[in-house]
Each structure stands twice: as C-alpha cells, then as structure tokens.
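Okay, structure first, notes after.
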Amino acid sequence: MVTEREEIRGLGHSVKRVEDDRFIRGAGNYVDDVVLPGMLHMAILRSPYAHATLNGIDASRAQALPGVVAVVTGELMAQHNLAWMPTLSYDTQAVLATDKVRFQGQEVAAVIAETAYIAKDALELIDVDYDPLEPIVTPQRALESDAPVIRTDKEEQKDNHIYHWETGDKEATDKAFEVADKVVSLDTFYPRCHPSPLETCGCVADVSPATGQATIYMTSQAPHAHRTVFALVAGLPEEKIRIISPDIGGGFGNKVPVYPGYVIATAASLLIGRPVKWIEDRTENLISTGFARDFHMHGELALKSDGTMTGLRVSLLADEGAFHADAQPSKFKIGLFGIVSGSYDLPTCHVSADGAYTNKAPGGVAYRCSFRVTEASYMIERLVQNAAYELDRDPADLRKQNFIEKDQFPYESATGFVYDSGDYQAAMDLALEKIGYDQLREEQKQQRDDGKLWGVGLASFTEIVGAGPHKDYDLLGLRMNDGAELRIHPTGKAILKISVQTQGQGHETTFAQIVAGELGIQPEDIKVMHGDTDNTPYGLGTYASRSTPVSGAATAMVARRVREKARQIAAHLLEVSEADIEYDEGVFSVKGAPDKAKTIQEVAFAAYTDLLEGMEAGLEGVYYYDPPNLTFPFGTYAVAVEVDPETGVWEVKRMVAVDDCGVRINPMIVEGQIHGGLTEGYGIAAMQLITFDESGNCIGSNFVDYLLPTAWETPKFELGETVTPSPHHPIGAKGVGESATVGSPAAYVNAVIDALRPLGVTNVDMPLTSAKVWAAIQEAKATASS
Ligand code: MCN
Ligand code: CUM
C-alpha cells in the first residue's frame, strides 16, 4: 500500500541549482584551491615576439635566485621527447619553443619555485636570444608566395597553407547560380574573439616518485579525453593517470584543448618528484589559449525572382594561428560549418574552405558553439537579410517563404546533415508577435521620416549539437560516446556518475532530474558525480552542447535499465509476474489492483535484503550511449535598435529570443543558459575583438582592451519557447547551451544594418563599435553626396 506521495521534481521542474549552495557561500573547490604537501609553483616565460628565431636561453641568473627549484626549457623537454605535442587536428604544437617562436605569448621556458611570486620574479632573470622574423598577421599575407614559412619544423610544409576542404555538390550549386534570377553576395569577417571564462586555466600535477601514479587536477571540460591524450603523449600507462576536474569557473570552449602548461607542469612534477601548480593570469589566458572564429567569408545566395532560394555558395579563409589546433570531429575539416544552409530548404549548397598558418595563438576551439556552426549561422542569417533588401522583400517574409517546413522533417540538408525535427515557422511567429513586429515596422517608417535610425533585425538559426554518432564523429579517433553509471543505495537514495563535466551548466541538478523522471526518486536524493576519471565512466566531455544529447541520453537509458531490474524485484515482492507490474512515478503496482504496490525505495531496500533465490543483489547499472543522430535546436531572435546618427552609438531597445530545445529538463536552467548566451552574443557583436598590430602584438590582452559586457550594457532579454521534441533522444531533449551565442550575433548586427539601410550600408564587420558604425555612416554619406 502506497500513501500519498509528493510530486516528483523530474522533467519540466525549475529545481534550484544544488551546486549554487557551495558557490554562493564561497565554498567551491577550484583548481587553485587545491594545495598539496610539498607543492611547488610554476610560471611560464612567454615570447614577446610574434615570429623570431630562438638562438638560445641562458637561465643561470634565474636558477640562482633563492627559492627557484628548476628552470625548464624546450631543450630539456626535447630530451624527454616532450618538446612537441599533438593537437586535436592532427598537427603538432610546441610545448616549449626549441627552434623558433611563432606567436606572441608562446611558451618559451618555465620556472618551478617554492612560491608563485618567486617563480614569476625569476622569469625576468631568464635571458633569451631572439632574432626577429617577419610576422604574418593575416591569412591573406600568409598565402602570398613570398611570405616566410612559419612551420619550418615540418619538413613537408613548404608554405603556410594548411588545408583545402570542400563539402556539398559543387556542380549542382554552380548550375543553380547559372540559372538564378538574382544572386546576392556578402563578404564578411567573423573576427577572432575569446571565451575568457572567469577562471583562467591551470593545473596541479602530482606525480608520485614512489608509485608512478600521476594525479592531475586540471581545468578540463573533457577529463577522460584528456587522460587518454596524456597517456598517448607521455607514454604513461592510462591506469596510472587520474585527472580530476574540480569545480570549474566557466569554460565556454576555452578548456577543451590540452595546453602546454599542463604538459610542462606534469613533466616538472615527474622530474622533481613534488607536486607542481600552474595557474594562468588573465593576460596569459587571453593571449595564448584557444581563441575562436577568425573566419574571412564570402557567401552567395541564388534566388528566383519570387524569392525562392535555389543555391548557396560559401568560400572562406580560416586564420588558424601558428599551430592548427581546432577542436573538430575529424571527418569535418572546418567543424560543422556545413550546416550553413541553416533553417532554409536549400536544394544545393557548396562550401569551400582553406586554412592558413599565421603568427597568432592557435585555437579555433569554438567559443560556445558546436564546431563552427556560429560562423555558419552568422553567414546565412546576414545573407538572407541582404537578399530581402535586394528583392525589396520583408526579411521575415523571405525567411518564412524558404523555411524547411514542419512536415519535411527528418530533413536532409544539401550538405548531408539530417535535421531531426523542427517547426521554424512557429518559433518565428511567436518572436514576431512578442516583439510586435508589424507595429515596429510602422513606427520605423515614422522614425525614418524624422531622420532617426531605427532598425529591426532577425535571426532564425538552426543549431547542430550532440556530437556524435560514431559513424561520422570522432576526436583523434576516439568515439564520441558517453557513459552514465547509476547506483541505488538500500535506502532508496542514489548516486549517478557521468562522463561529462559541468562548468556552470548545472549538471548536478539537471542530471538528477533525468533520473528522477525515470525512477521517481526526488532529485535531492540523487548525488551527481563527475570530473574524476577514476570514479566516472568514460566519455568525451562537455562542449558542443553535447551533454544533454549524449550523456543525458545515457542517463535516461541507465535509469531505464535499473527500472527493469526494479520491476523484477517488485514482481517478486508483490508475488505476481513481471508482466503484471505497472510503473508510475516511482511506484510499482499490480495491474488492476493499484493498492498492491511498492515504492522504488522499498524495492531498493529489497534489492539488498530480500531477493528471490538466484537473483543478483544490488540495484545499479551502466550505459554507454552512441547517439543515432545529432539534435537540431533552433529559434528566432528579434532585436530592435536605435542608432545615434551623430555618434554611431547603438542601443538595444528590445531583444526577444524564442528558443526550441525540445523537452526542457529544467526550464530555469535553460533560461539561464539562454541569458548567458545572449549576453556573450551581444559582447561579440558589439565590443569584443582580439586583434594584432602589424608586428603581431596582441591587442586585447586584458579586460581594458578586450571588453566584456557588464550589467550596464547588457540588453534586457524577453524569452519565449516552443517545444519540438527530438524524435530519437530518449527524453526528447536537444542541447541548448550554445544556441544563444550561435544565433544572436546575426540578430544584433542585422538590426544595426537595418537601421542604417536608408543610408545604403549593407555590411559592417563585428564588433560593431560605435566608432565603426559612425565611420560607416560617414562613408555612406560621402558616397551619397559624391
Ligand atoms: N538543459 C535542459 N533541457 C534541455 C537542454 C539542456 O534542462 N532541453 C540543461 C542541461 O541539463 C544542462 C544545461 O541545460 O544543465 C546545458 O545543457 P546542454 O545544452 O546539454 O549543454 P552542455 O551541458 O553540454 O554545456 C555545454 C555548453 C557549451 S558547449 C558551452 S561552450 C557553454 C555552455 O554550455 N559553456 C558554459 N553554457 C555554459 N554555461 C556556463 N555557466 N558556463 C560555461 O562555461
Ligand atoms: Cu564550442 S565551446 Mo563549448 O563547445 O565548450
């Protein structure tokens, strides 16, 4: 007999984040909080030059400083075969420079000392002999025939060209353009920007001389993948390596790559026999760790005169920096840029891409985006707006006319992605209604007559997340499948161990809710564990919004597996056959006799105390999920702005974001993710830029030059939702972590361009600083009057 039970707070409940308790009390445990007995500190000397020959390093003065234990150079690393390491794109990257330095901020030497201050002070005592070389700061220059070769370390590399890659049907696309009534083109640059998480990167490497056991505490979004990479790079046996990612203060893609600092600290700990801590400062983080974007793009859209889109062609040049270190599933040379046809039913599409080495930091990690979908989404959403202008159509109408329709799903795009589900029209309608689109357009006419610059911009993005099905997706050959392990204790409480790594996304809360939804155990009774390779199942980690699509699915599946065992036990306890057991919200009852029932808690107790002869004790399971497809969240963002014609300052008047990420596990957390992404999208569109002067000096090495939007600048967001479940995901959820960063930059920019439209401005490249907008206004006026 089961008495009245409290409603289970599973899917759809805005449960407060359990992790916040410790965070807001200042009781989080970040890498820099880890203090081990005998621990030393490491600081890294970085190159002041973007490109120079390294003639030699004299560390004797630094060595002599009291408190300095060792100075590590590339030469020393080379003796252990660790001067170079592999990147995620099958290139190599210098751990410590031996022959040349190839970007400003590159690792040249490291000091290991008793305190962090001594280590930093000693850096100034290292004498390095450089011969400066011509720095290459644009990919265009890099590809000129007289450009100096950056990667002289690679025998086969005779120039700075890294790859040429194409996707889609070139012939069919070219044909579509030949017969098109209208071709609209756009040249645009998606500038280099940086994820800049609150917590910089760092590690504490602890290699025990007694046991050979290496425990590495590190800021990692993918601890298991990193352990495997460490095993392969250092030649250490994998069971001797334990990666622990404690609390992480934001990742946003920045903590996906393996950085030289991790490798140097680990090597130093191995050589010295004491733990070594390395924590980056802000400038190091901004100048040397994984940047994002840096894509020079040319896009063309073919249309019929009635507005039907018939073809899309994009060619792009990627600035990869000095080492090709893109994070990408290896089959896709430019990540998932192939999704560039976006939300539109485009019969043909062709993308051609080239990558070049330059004297800049490596990266291409993708900053809050699924492997370059951000650049793709920006391209198509900007292009569609310009097409609307050229055809004298309303941008919302032209989009609607070309949307992939609801009944076309599953839809195969011209570049071969199979979109799982969508209802683009519904999301757009809701966004237009919320922002009052028709009325805004009326007001805009009025304002224009009064000489004011008002604009409305839209973006109807389609995201592509959940990498990925093993058929097409791997990272360095590792399958992108993820595991979940669930154990129900005798008292009916549970522990769930997951392969992914929260950096602020709230997994400790939402993953417990997935189990709650499947087993009827309240989320607060389920502890979620992650970030320790010794104690969690294997998986490729958190990025590309893949946690919910992959590990979230594994979690639902393992809970279902455990439920099947629970059903057997319930049948035994209730003395009926399994087929006669019904399950609902944590209660197993006899069909037709609902009073005869056992709760999941009673069943759990029985699993350890009262089993049928021959039945295995315990109530637990493990599941590895290989996603059958990716998930394709989408939405429409609508922005209204006013631009000051005198100063170029633009202000967001309204920002409406309608997102569809399928079934929402925790609506509050989803909204938090969207707020964060919209803020980052605003930062990218309005103010963020990592750029370089002609000598290759990085401009944007601190938060005075590289701007983060504060509460003051950040627009007020109005959210809306539609729900189109993913048909192949066990709980119908799609990822959402990046949607707003992917979709929103184009919406902000489209709004500003829309405001400037009476002046004839068709493009301003991001970031749309007031200075640039002002210059565009002046130029347009000058052209008009000449
Ligand atoms: N969620 C949900 N219902 C859905 C989809 C997601 O309740 N239908 C919840 C999830 O359970 C999870 C959160 O929303 O708690 C984000 O889930 P998901 O979309 O699966 O993305 P990931 O957990 O894989 O997070 C990665 C994504 C990426 S790639 C970047 S970059 C990013 C982002 O998340 N970095 C972040 N959001 C971030 N948020 C914070 N605070 N910090 C970061 O570093
Ligand atoms: Cu692409 S940034 Mo997130 O994938 O870690």
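If you read the sequence from its start, that first residue is 1, and numbering goes on from there.
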(message) side-chain contact (heavy atoms from CB on, under 4.5 Å) for Ile8 and Gln522? Distances and angles first, verdict last.
(response) CA-CA 6 Å; Ile8 301 295; Gln522 291 293 14; 3.9 Å; yes
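- Ser220 contributes atom OG, which lies 6.5 Å from atom CD1 of Ile243 (distance to the nearest 0.5 angstrom).
- The environment of NZ in Lys565 is crowded: more than 12 heavy-atom neighbours from other residues, nucleotides or ligands sit within 6.0 Å.
- Contacts of Ala459 classified as side chain to side chain contact (heavy atoms under 4.5 Å, CB included), with partners at least two apart in sequence or in another chain: Glu381, Ala746, Ala747.
- In this structure, CG on Asp610 lies 10.5 Å from CE on Met615, to the nearest 0.5 angstrom.
- Of the options Gln503, Glu199, Gln501, a side chain to side chain donor-acceptor pair (under 3.5 Å) to Lys255 is made by Glu199 and by none of the others.
- Within a 6.0 Å radius of CG in Leu198, no more than 12 heavy atoms belonging to other residues, nucleotides or ligands are found.
- Contact annotation: the side chain of Thr533 never approaches that of Ile241 to less than 4.5 Å [non-hydrogen atoms, C-beta and beyond].
- Checked options Thr219, Ile279, Ile248; the residue passing with Cys201 is Thr219 (criterion: side chain to side chain contact (heavy atoms under 4.5 Å, CB included)).
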(request) Output, in order, the C-alpha distance, side-chain angles, deciding distance and verdict of side-chain contact (heavy atoms from CB on, under 4.5 Å) for Ile600 and Phe588. (result) CA-CA 7 Å; Ile600 180 73; Phe588 297 88; 4.0 Å; yes
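- No side-chain N or O of Asp420 forms a donor-acceptor pair with one of Thr631 less than 3.5 Å apart.
- Remark: side-chain polar atoms of Gln513 are paired, donor with acceptor, to backbone N or O of His13 under 3.5 angstrom.
- Distance CZ/Phe632 to OG/Ser370: 9.0 Å, rounded to 0.5 Å.
- You'll find the side chain of Tyr637 reaches within 4.5 Å of the side chain of Leu678, heavy atoms only.
- At a threshold of 4.0 Å, the pair Asp525-Lys493 counts as salt-bridged, since one of the basic side-chain nitrogens sits closer than that to a carboxylate oxygen.
- Between the side chains of Asp206 and Thr215, no donor-acceptor pair of N or O atoms lies under 3.5 Å.
- The pair Glu582-Lys591 does not count as a salt bridge, with every side-chain nitrogen at least 4.0 angstrom from each carboxylate oxygen.
- A donor-acceptor pair shorter than 3.5 Å can be found between the side chains of Thr228 and Tyr538.
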Ignoring hydrogens and angles, write down the donor-acceptor pairs under 3.5 Å from the side chains of residues 483-492, residues two or more places apart or on other chains.
residue : atom : partner : partner atom : Å
Arg487  : NE   : Glu620  : OE1          : 3.2

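- Remark: Glu575 CD to Asp580 CG distance equals 13.0 Å, nearest 0.5 Å.
- Between Tyr424 and Phe409, a ring centre-to-centre spacing shorter than 6.0 Å is recorded.
- For Thr536 and Ser499, the side-chain atoms include no donor-acceptor pair closer than 3.5 Å.
- The residues Lys434 and Glu718 are annotated as not salt-bridged, no charged nitrogen and carboxylate oxygen being separated by less than 4.0 angstrom.
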(message) side-chain hydrogen bond (donor to acceptor under 3.5 Å, both in side chains), that's the test. Do Ser421 and Lys734 meet it? Break it down for me.
(response) CA-CA 10 Å; Ser421 63; Lys734 302 181 179 187; 3.0 Å; yes
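- The number of heavy atoms from other shown groups lying within 6.0 Å of CZ (Phe605) does not exceed 12.
- Aromatic pair Phe332/Phe337: centroids not less than 6.0 angstrom apart.
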(message) Under the criterion side-chain contact (heavy atoms from CB on, under 4.5 Å), I'd like the reasoning laid out for Tyr367 against Glu680: C-alpha separation, chi angles, the key distance, then a yes or no.
(response) CA-CA 10 Å; Tyr367 154 24; Glu680 289 180 320; 3.3 Å; yes
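- Atom NE2 in His470 sits 9.0 Å away from atom CG in Asp472 (nearest 0.5 Å).
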(request) Dump the intermediate steps for side-chain hydrogen bond (donor to acceptor under 3.5 Å, both in side chains) on Ser547 and Thr542, then the final yes or no. (result) CA-CA 6 Å; Ser547 302; Thr542 292; 2.9 Å; yes
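- In this structure, Tyr543 OH and Gln221 CD are separated by 9.0 Å, a value rounded to the nearest 0.5 Å.
- No salt bridge links Glu564 with Arg561; every basic N to acidic carboxylate O contact stays at or beyond 4.0 Å.
- The pair Arg17-Glu508 does not meet the salt-bridge criterion, since no charged nitrogen lies less than 4.0 angstrom from a carboxylate oxygen.
- Under a 4.0 Å N-O distance rule, the pair Lys277/Asp32 qualifies as a salt bridge.
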(message) One pair to check against side-chain contact (heavy atoms from CB on, under 4.5 Å): Leu540 and Leu478. What are the steps and the verdict?
(response) CA-CA 8 Å; Leu540 281 211; Leu478 297 170; 4.0 Å; yes
